Amino acid sequence: MSAATNETSLTGADIVLKALRDQGVEVIFGYPGGAVLPIYDALFQQNDIRHILVRHEQAALHAAEGYARSTGKVGVVLVTSGPGATNAVTGLTDALMDSIPIVCLSGQVATHLIGNDAFQECDTTGITRPCTKHNYLVKDVNNLARTLHEAFYVAKNGRPGPVVIDIPKDVQFAEGTYRSPADSMPKSYRPQVKPDLNRVEEAIDLLAKAKRPIFYVGGGVINAGPVASQLLTQFVRMTGYPCTTTLMGLGAYPASDRQWLGMLGMHGTYEANLAMHGCDVMVCIGARFDDRVTGKVSEFSPNSVKIHVDIDPSSINKNVRVDVPIVGDAAHVLEDMIRIWKARGKQPDKAALAEWWEQIEFWRARDCLRYDKTPKIIKPQYALERLRAAISGRDDVYITTEVGQHQMWAAQFLPFDKPNHWMTSGGLGTMGYGLPAAIGAQVAHPDALCIDVAGEASILMNIQEMATALQYRLPVKVFILNNQYMGMVRQWQELLHGGRYSESYSEALPDFVKLADAFGGVGLRATEVSQVDDVIAEMIKVKRPVIVDMCVDQKENCFPMIPGGRAHNEMLLGPDEKVENATPEDGMVLV
Amino acid sequence: MTARYAQSAPAIERHTISILVDNEPGVLARVIGLFSGRGYNIESLTVAEVDRDATLSRVTIVTSGTPMIIEQIKAQLGRLVPVHRVHDLTMEGPFVERETALVKVAGTGEKRVEALRLADVFKARVVDATITSFVFEITGQGEELDRFIGLMAELGLVGVSRTGVVAMSRGPGGI
């Protein structure tokens with residue numbers, strides 16, 4: 001401690017609140033309990049920080065994720081010990097997999113009781129060690145402020161992620177010294193943000209010489225802030241090269257742009273996947289060669305030189321060997337790339353590029369997202385197309401999803417021209433993510449249109465959060481594509497398990513209109529095509545929480561699809577394609 | 001242009017990795033959890049505080065895997081928050097490795113004499129003796145310890161306790 005002016009004696013609970021204020025925190029999501037009562041008491045006696053009471057701790061995490069992803073700030077959560085902490089685990093893992101900055105404070109039993117199997121005791125740091133970027137147990141109130149500030153630093157710097165601080169109840173009561181954020185830097189954690197310029201030069205050389213180049217962009221660009229998306233867009237347009245994004249990268253490059261090929265991967269577009277397969281130079285920026293993206297790794301983009309930009313050195317050469325690794329923040333690297341491209345007077349190979357685009361347009365002409373239009377039955381794709389039409393031109397729309405077919409259709413059919421407007425559980429695939437995430441986004445953007453595109457199975461995993469939406473007058477919209485099946489499970493059972501729909505039919509579904517009503521929201525239903533537009537218009541017009549029960553075709557499957565264990569050039573484009581032998585035997589074990 | 005990396009069956013390599021970490025609660029659990037969670041091998045692991053003032057500990061891990069896995073292990077270790085430095089001694093030039101074992105042997109007569117004679121050959125010290133037993137302390141390379149313990153197995157071996165490998169680079173430079 002240097003400056004004596006920094007030193008003020010406060011209780012642990014007050015230190016928590018002061019540290020949160022000094023970190024610029026405006027909102028926290030949480031649920032009280034015995035081991036966090038002192039912090040809740042301190043919260044009660046101040047007005048700077050707003051608390052959103054969720055109905056389940058998992059939802060607190062997802063709401064904080066939605067808040068974080070729609071603002072670029074750190075999401076903050078407060079839960080109690082024992083079950084409060086264990087309920088948080090799914091959300092923490094979700095945030096870890098998708099690199100979302102979260103600080104989660106958990107109460108713990110008093111230090112003298114730790115290890116005694118006390119009431120609502122669990123080994124929170126032990127349980128959350130593998131599902132956090134870092135975690136802390138604070139046993140001395142004098143370390144509390146430093147730990148809190150360090151947690152924020154760790155959560156948002158480098159590859160973002162969730163950080164847990166476990167605070168025993170006696171530490172919350174004890175008096176100790178406060179420290180300012182500037183006084184609390186971690187000793188060892190200094191992630192590299194500026195790239196090795198020699199590598200960037202090498203990458204630019206390869207890019208300029210490329211005949212069939214592609215940009216493959218992931219959520220890392222979104223995590224690097226809006227400036228990274230602007231720089232990416234600038235660079236992609238300068239080069240004239242095609243660009244595809246991952247599920248997490250949607251919005252990093254404007255979807256309305258001709259140079260965007262759509263999402264790639266298992267349910268990505270035909271043109272994006274074939275361009276990845278056939279390219280000669282691939283620039284991966286902030287993506288991690290996930291198995292949903294690569295398909296069969298040994299046949300992934302077999303003839304390309306690969307450049308990989310990532311802030312996390314452990315993402316490089318993890319799944320796919322790359323030729324030019326560049327460790328750094330996406331915005332810094334893109335800035336250097338643009339500068340060097342200009343300084344060296346680089347020009348794309350115009351003739352080769354024209355030929356490449358001709359090939360891509362040929363693939364694009366397959367119109368891989370087309371589906372059979374029906375006069376009466378609502379196709380899920382149709383419902384989303386109408387939703388797209390209804391929200392087009394607005395830049396205050398935030399879309400979240402649950403997990404399954406509806407998630408993939410939302411990714412395929414909804415327009416994402418800007419970063420931070422799309423929130424989905426990509427890595428962990430957490431059903432129940434969407435509604436709390438939409439609540440988090442709505443808290444951050446009270447006047448925006450926040451829509452959770454849901455399935456009727458997923459939504460029931462965190463439906464209790466309707467009460468949260470009502471309590472805080474958050475006009476979130478739950479747009480359920482109701483096909484009465486766990487659709488993605490049913491699709492896999494159809495393709496891989498002989499149509500034996502084991503436990504994937506949702507029997508005894510609630511009446512979602514009445515359910516909305518019971519929560520105090522508005523319920524709307526469409527059962528045929530003619531009602532779709534009216535229901536969507538009404539949903540948008542009503543300034544209250546809405547559940548839309550969009551009763552869609554039960555048998556529709558999500559295409560295109562790369563079956564497990566297949567390569568990018570072995571896509572199924574629609575239900576008419578032979579599904580026998582769709583998946584080789586070694587692919588069966590893949591999820 | 002073609003990819004620069006050819007696909008061929010990669011060889012399994014043994015690497016000795018030295019990690020400087022903050023000596024704080026849970027740091028060893030983080031390192032071990034990383035190895036178990038991601039399915040990496042640990043052949044041996046040692047840890048002790050090496051700088052009391054700076055509260056730093058050194059962890060020495062002997063692990064094995066393909067070059068890609070070894071690279072992953074180092075990258076994953078490097079991103080643990082309390083980790084200061086990761087050195088792959090196997091990659092960074094010549095280094096020395098040492099391990100210590102305590103070996104208890106019980107017996108009488110010719111076997112007892114032979115055990116003592118072999119201990120002398122291996123430069124093992126007697127750190128405890130009774131009429132019917134010895135505890136030998138032996139320090140050296142792992143294989144040397146293996147050989148000594150193997151011989152003692154014939155001569156009344158009761159039990160072994162080994163430290164695992166500690167290592168340091170040769171020459172004046174840091175670790």
Side-chain angles (χ1 to χ4, degrees), chain A residues 123 125-126 128-137 139 143 150-151 153-155 157-159 161 163 166 186-192 206 209-213 279-282 297-306 310-325 327, chain B residues 1-11 13 17 19-40 49-51 53-59 65-88 91:
Chain A
D123 177 7
T125 48
T128 60
R129 198 173 288 125
C131 64
T132 52
K133 182 173 174 186
H134 195 53
N135 63 15
Y136 305 87
L137 169 63
K139 286 185 165 176
N143 289 334
E150 184 175 310
Y153 178 87
V154 169
N157 282 278
R159 181 177 177 176
V163 177
D166 201 25
K187 284 184 279 182
S188 54
Y189 187 67
R190 294 280 184 282
Q192 181 183 348
L206 285 164
K209 286 190 205 132
K211 303 205 179 301
R212 300 184 309 279
C279 68
D280 70 343
V281 175
M282 173 191 299
V297 174
S298 59
E299 286 168 33
F300 171 72
S301 193
N303 299 310
S304 60
V305 173
K306 297 172 185 74
D310 206 295
I311 198 157
D312 178 5
S314 76
S315 281
I316 290 170
N317 289 332
K318 182 170 67 181
N319 302 328
V320 169
R321 257 288 174 198
V322 298
D323 303 280
V324 184
V327 176
Chain B
M1 234 179 287
T2 54
R4 291 179 203 169
Y5 288 95
Q7 301 258 346
S8 60
E13 298 173 357
I17 295 171
I19 314 151
L20 198 63
V21 299
D22 286 324
N23 183 18
E24 60 181 31
V27 67
L28 191 58
R30 284 180 212 285
V31 171
I32 293 171
L34 172 66
F35 276 73
S36 64
R38 294 185 183 266
Y40 305 143
E49 191 167 64
V50 291
D51 184 338
D53 296 335
T55 58
L56 292 173
S57 288
R58 186 170 302 284
V59 181
T66 63
M68 210 157 152
I69 294 286
I70 300 287
E71 192 186 338
Q72 261 298 299
I73 290 173
K74 288 183 279 181
Q76 293 288 354
L77 285 168
R79 75 184 192 144
L80 294 178
V81 171
V83 167
H84 288 248
R85 278 196 293 281
V86 179
H87 286 281
D88 184 347
M91 298 284 280

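It should be emphasised that the depicted structure is a prediction, and the values quoted were computed from it without experimental measurement. Here is how names work: the chains are called A, B, and so on, in the same order as the sequence lines, proteins then strands, and each is numbered from 1.
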Q) So, A/Glu150 versus A/Tyr136: side-chain donor-acceptor pair below 3.5 Å or not? A) yes

**Q.** Side-chain H-bond candidate by donor/acceptor type, A/Ser315 with A/Arg159, under 3.5 Å
**A.**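 On atom types as modelled, these side chains qualify, holding a pair under 3.5 Å.
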
Q.
Does this structure show an ion pair linking A/Lys306 with A/Asp323, if we count only N-O contacts that are shorter than 4.0 Å?
A.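 Salt bridge absent between A/Lys306 and A/Asp323.
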
**Q.** Residues B/Asp88, B/Lys74; criterion salt bridge (Lys or Arg N to Asp or Glu O under 4.0 Å); working and verdict
**A.** CA-CA 8 Å; B/Asp88 184 347; B/Lys74 288 183 279 181; 2.9 Å; yes

Q | Derivation and outcome, side-chain contact (heavy atoms from CB on, under 4.5 Å), residues A/Lys133 and A/Val154 | A | CA-CA 8 Å; A/Lys133 182 173 174 186; A/Val154 169; 3.9 Å; yes

Between [X] and chain B, with a heavy-atom cut-off of 4.5 Å, which part of the residue counts as in contact: side chain, backbone, both or neither?
| X | value |
| --- | --- |
| A/Val327 | neither |
| A/Asn319 | backbone |
| A/Arg190 | neither |

Q: Between chain A and each of B/Gln76, B/Met68, B/Arg85, count heavy-atom pairs under 4.5 Å; write down the option with the most.
A: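 That would be B/Met68.
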
Q. Is there a donor-acceptor contact under 3.5 Å from the side chain of B/Gln72 to the main chain of A/Ser314?
A.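 Such a contact is found between B/Gln72 side chain and A/Ser314 backbone.
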
Q.
Is B/Ser36 close to chain A through its backbone or its side chain, or both, or neither, when contacts mean heavy atoms under 4.5 Å?
A.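 Neither the backbone nor the side chain of B/Ser36 comes within 4.5 Å of chain A.
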
Q) Which atoms of B/Val21 come close to chain A, meaning under 4.5 Å heavy atom to heavy atom: side chain ones, backbone ones, both, or neither? A) neither

Q | Closest-packed option against chain B by number of heavy-atom pairs under 4.5 Å, given A/Asn135, A/Thr125, A/Ile316 | A | A/Asn135

